[in-house]
Q: 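Below: one structure in structure tokens.
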Amino acid sequence: MSTPHQPAPPPQPETSGFARVLDRAFGHPSGPLGRLGGWVMARGNAATEHRVVDLAKIEPDETVLVVGPGPGVGLDAAARLAGRAIGVDPSPEMLALCHERCGDRAELREGSAASTGQPDESVDAVLTVNNVMLWDDRAAGFAELFRVLRPGGRLLLSAHEKWLPVSRHVLADEAAAAGFADLQTWTWEPPGFAALAAQLRAVKPA
């Protein structure tokens with residue numbers, strides 16, 4: 001007895017060559033494309049990086065952790081204000097660009113939002129720009145940043161609003177679920193042609 005014909009499953013979409021190029025340049029920077037992506041990020045994100053540093057109100061005796069510093073524009077600005085600045089990025093290419101820009105002003109380590117390698121309650125401020133959309137596990141990322149912040153420490157997060165995987169209000173809810181309080185979220189339009197930024201400020205309760 002014949003059996004009913006079963007249609008073949010639809011082909012699975014393959015990552016396009018263009019998408020792979022974008023990922024190697026911006027998502028997970030590596031090789032020459034990663035360095036080119038760093039050059040583009042240094043120029044396109046500079047205004048937002050400096051704004052986030054300004055919003056953090058960094059004091060000379062504080063320790064600042066920058067998650068995903070990319071080519072180091074914001075990290076360098078923070079390092080010039082803080083007593084100690086640490087940059088954590090999974091990309092060796094981006095860490096090399098950070099070193100070129102920051103020299104000995106910042107400590108550089110491979111890591112991510114979910115795995116910073118920092119001791120409990122060891123930093124006063126965490127800054128991250130255009131990086132949250134790359135976190136594999138946002139709950140783990142927010143939990144880790146909460147862990148490393150001292151009581152009263154603050155988190156400043158900014159990302160291109162159109163690239164967010166969820167709304168900025170959902171990000172605020174996720175930060176609150178990790179224990180953060182005094183949450184504020186808004187949008188900011190950088191000068192020039194940079195994309196609209198969604199921004200979040202949160203505090204670890206004292």
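What's counted below: heavy atoms across the whole structure, side chains too, no hydrogens, waters or symmetry copies. Keep in mind the model is a prediction, meaning the values are calculated, not measured.
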Q: With a 4.5 Å cut-off on side-chain heavy-atom distances among I, L, V, M, F, W and Y, is there a chain of contacts connecting Met94 to Val66?
A: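 Hydrophobic grouping puts Met94 apart from Val66.
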Q: I'd like to check the side-chain contact (heavy atoms from CB on, under 4.5 Å) partners of Asp173; sequence neighbours left out, ordered by chain and number.
A: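 For Asp173, no residue satisfies side-chain contact (heavy atoms from CB on, under 4.5 Å) once neighbours in sequence are set aside.
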Q: Going by the side chain to side chain donor-acceptor pair (under 3.5 Å) test, which pairs reach into residues 72-82, not counting sequence neighbours?
A: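 For residues 72-82, and leaving out neighbouring residues, the side chain to side chain donor-acceptor pair (under 3.5 Å) pairs sorted by first residue read Asp76-Arg80, Asp76-Arg105.
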Q: Heavy-atom distance under 4.5 Å between the side chains of Arg101 and Leu75, does that happen here?
A: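 Counting from C-beta outward, Arg101 and Leu75 never come under 4.5 Å.
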Q: Could you check whether any side-chain heavy atom of Ile58 comes within less than 4.5 Å of a side-chain heavy atom of Val53, counting everything from C-beta outward?
A: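 Ile58 vs Val53: side chains touch.
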Q: So, the side chain of Arg138 versus the backbone of Glu174: is there a donor-acceptor pair under 3.5 Å, distance only?
A: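 No.
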Q: Under the ring pair (Phe, Tyr, Trp, His ring centres under 6.0 Å) definition, can you give me all pairs with a residue in residues 51-79, not counting sequence neighbours?
A: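 Listed once each, the pairs would be none.
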Q: For Glu110, what residues pass the salt bridge (charged side-chain N to carboxylate O under 4.0 Å, His left out) criterion, not counting sequence neighbours?
A: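 Counting only residues at least two positions away or on another chain, Glu110 forms no salt bridge (charged side-chain N to carboxylate O under 4.0 Å, His left out).
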Q: Going by atom type alone, with no hydrogens or angles, which donor-acceptor pairs under 3.5 Å involve a side-chain atom of residues 193-204 and a protein atom two or more places apart or on another chain?
A:
unit_1, atom_1, unit_2, atom_2, d
Gln199, OE1, Arg51, NE, 3.1
Gln199, OE1, Trp186, NE1, 2.8
Gln199, NE2, Ser158, OG, 3.1
Lys204, NZ, Phe146, O, 2.9
Lys204, NZ, Leu149, O, 2.8

Q: Identify, with sequence neighbours excluded, every residue that meets side-chain contact (heavy atoms from CB on, under 4.5 Å) alongside Ala178.
A: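 Per chain and number, Ala178 pairs via side-chain contact (heavy atoms from CB on, under 4.5 Å) with Phe142, Phe180.
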Q: Tell me which pairs pass salt bridge (charged side-chain N to carboxylate O under 4.0 Å, His left out) where either residue lies in residues 57-67, with sequence neighbours left out.
A: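 Sorted pair list: Glu62-Arg154.
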Q: Once ring pair (Phe, Tyr, Trp, His ring centres under 6.0 Å) is applied, do any residues pair with Trp188, and if so which ones, sequence neighbours excluded?
A: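 Trp188 satisfies ring pair (Phe, Tyr, Trp, His ring centres under 6.0 Å) with no residue once adjacent residues are dropped.
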Q: Taking the side chain as everything from C-beta on, heavy atoms only, tell me whether Val88 gets closer than 4.5 Å to Ile86.
A: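 In contact.
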Q: Kindly list each side-chain donor-acceptor pair under 3.5 angstrom involving residues 118-129, sequence neighbours excluded, with atom names and distances?
A:
unit_1, atom_1, unit_2, atom_2, d
Gln118, OE1, Arg109, NH1, 3.2
Gln118, NE2, Thr116, O, 3.2
Asp120, OD1, Arg147, NH1, 2.4
Ser122, OG, Pro119, O, 2.8
Asp124, OD1, Arg150, NH1, 3.2
Asp124, OD2, Thr63, N, 2.8
Asp124, OD2, Arg150, NH1, 2.8
Thr128, OG1, Val67, O, 3.2

Q: What ring pair (Phe, Tyr, Trp, His ring centres under 6.0 Å) pairs are there with at least one residue in residues 77-129, not counting sequence neighbours?
A: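 Every pair satisfying ring pair (Phe, Tyr, Trp, His ring centres under 6.0 Å) with a residue in residues 77-129: there are none.
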Q: Please say yes or no: joined through hydrophobic side-chain contacts below 4.5 Å, possibly via intermediate residues, are Met133 and Leu145 part of one cluster?
A: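 Different hydrophobic clusters.
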Q: Who passes side-chain contact (heavy atoms from CB on, under 4.5 Å) against Ala140, sequence neighbours left out?
A: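 By the side-chain contact (heavy atoms from CB on, under 4.5 Å) rule, Ala140 matches Ala114, Asp137.
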